[in-house]
Amino acid sequence: MNLTLEALQILDMIDRKGSFAAAALSLDRVPSALTYSVRKLEDDLDVLLFDRRGHRAQLTPAGVQLLNEGRHLLLAASDLEQRVKRTATGRETELHIVLNSLIPFSKMLPIIEAFDREQSGTRLRFTPGVLTGAWEKLIEGRANLVIGVTLDGPEIVRTSGRFQTHNLGMVDWIFAVAPNHPLADVAEPLPAELVRQHRAVAVGDNSQSLPTLTMGLLSGQETLTVRSVADKLTAQLAGLGCGHLPRIWAAPYLASGELIEKQTMAAKPNDHFLFAWPKAEQGKSLQWFVDYLSRPEIQESLLGPVAPGRKTGK
């Protein structure tokens with residue numbers, strides 16, 4: 001058989017990373033090994049899979065068709081592997097958890113310590129997720145649990161019936177600016193047209209393959225896009241833009257006067273957050289996390305006050 005799962009994994013990684021070199025780094029291989037594997041597959045199939053004329057490795061139409069169908073095989077193989085391992089031990093080899101930047105990783109440390117006491121042997125891997133990006137790996141079968149999402153995600157989440165969700169809690173969003181921002185002294189509530197004239201700071205959706213979303217932005221508003229809630233807070237403290245922040249992050253700076261809360265006529269972002277996992281997942285380690293995250297005191301700690309992380313020199 002000319003086509004193997006290894007060959008599909010190589011094609012998938014090259015397409016995701018955009019180059020043979022970047023894919024080789026992710027797969028812990030040398031670029032020449034990937035080049036040889038792809039060329040051998042092209043020779044065996046007698047088709048050209050990549051257009052190599054540009055700087056980015058671009059799939060040909062034949063390559064796109066092969067990879068689109070091949071990803072279904074990769075997901076099926078991964079599911080089979082996990083099912084076999086769970087049948088043998090009841091525990092996952094690895095639990096991949098996607099964490100919304102709304103929740104600082106430091107909040108997860110006591111939970112990890114509690115999980116370590118289980119001595120399960122399950123490795124934990126955390127990656128960040130924002131908006132659709134928080135759902136993406138779960139939808140693609142590359143993550144087991146996502147913490148801190150809303151249902152303002154891809155339609156497949158609401159229609160497929162593949163995912164189980166549990167309430168995590170409510171987040172109080174406030175519109176805040178630095179004292180030196182032009183909106184700081186304007187009478188409230190701020191009309192949308194006035195807010196639109198000032199740059200917003202927004203956390204960028206980190207989805208790579210699904211349509212991205214935005215939250216709390218007005219149409220046509222200039223935007224400074226950052227990677228996390230912590231970066232958004234830092235930018236707004238510096239007076240580089242305005243926007244909604246979780247009160248749990250802003251509270252220390254509201255108290256110190258480094259941020260000013262303003263009432264607006266514009267709607268706030270969705271304040272109802274969840275954690276979610278695939279219904280098909282039955283592993284004991286995942287179930288431990290689901291049970292633990294369902295505790296009211298744990299939810300309160302995750303969405304509770306955030307310790308200041310920025311020195312102002314005052």
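Just so you know, these numbers come straight off a predicted model, no measurement behind them.
- Inter-residue side-chain proximity for L102 and V203 is flagged as unmet; no heavy-atom pair is nearer than 4.5 Å.
- Here R123 pairs with T93, E94 under the side-chain contact (heavy atoms from CB on, under 4.5 Å) rule; sequence neighbours left out.
- Ring to ring, F275 and F289 are not that close: their centroids are 6.0 angstrom or more apart.
- For residues 34-43, the pairs satisfying salt bridge (charged side-chain N to carboxylate O under 4.0 Å, His left out) are K40-D44, E42-R52, with sequence neighbours left out.
- Using a 4.5 Å heavy-atom threshold, the side chains of M108 and L302 count as touching.
- Counting non-hydrogen atoms of neighbouring residues, nucleotides and ligands closer than 6.0 angstrom, the CG atom of D46 reaches no more than 12 such neighbours.
- Considering only residues two or more places apart in sequence or on other chains, R162 meets the salt bridge (Lys or Arg N to Asp or Glu O under 4.0 Å) condition with none of them.
- Side-chain contact between I103 and F273: absent, with no pair of heavy atoms (C-beta onward) separated by less than 4.5 Å.
- You'll find the side chain of T60 stays beyond 4.5 Å of the side chain of V47, heavy atoms only.
- Using a 4.0 Å cut-off between charged nitrogen and carboxylate oxygen, E261 and R247 count as a salt-bridge pair.
- For the 3.5 Å distance criterion, the side chains of E118 and S120 fail to qualify, holding no donor opposite an acceptor.
- Residues V290 and Q287 are in side-chain contact: their nearest non-hydrogen atoms beyond the backbone lie under 4.5 Å apart.
- The two atoms that bring R29 and S37 nearest to each other are NH2-OG, 4.0 Å, heavy atoms only.
- E136 and R16 are not joined by a salt bridge, as no carboxylate oxygen comes within less than 4.0 angstrom of a charged side-chain nitrogen.
- Nearest approach of N144 to P278, heavy atoms of both residues: O-CD, 3.3 Å.
- E300 meets the salt bridge (Lys or Arg N to Asp or Glu O under 4.0 Å) test with no other residue; sequence neighbours excluded.
- With sequence neighbours excluded, the residues satisfying side-chain contact (heavy atoms from CB on, under 4.5 Å) with T225 are T223.
- Residues V229 and V130 have side chains not in contact (no heavy-atom distance under 4.5 Å, counting atoms from C-beta outward).
- Between L5 and L74, the closest side-chain pair of non-hydrogen atoms falls below 4.5 Å.
- Under the 4.5 Å side-chain heavy-atom criterion for grouping Ile, Leu, Val, Met, Phe, Trp and Tyr, I112 is connected to I147 within one hydrophobic cluster.
- For the side-chain hydrogen bond (donor to acceptor under 3.5 Å, both in side chains) condition, no pair includes a residue of residues 177-188, sequence neighbours left out.
- Using a 4.5 Å heavy-atom cutoff, the side chains of F50 and F20 are in contact.
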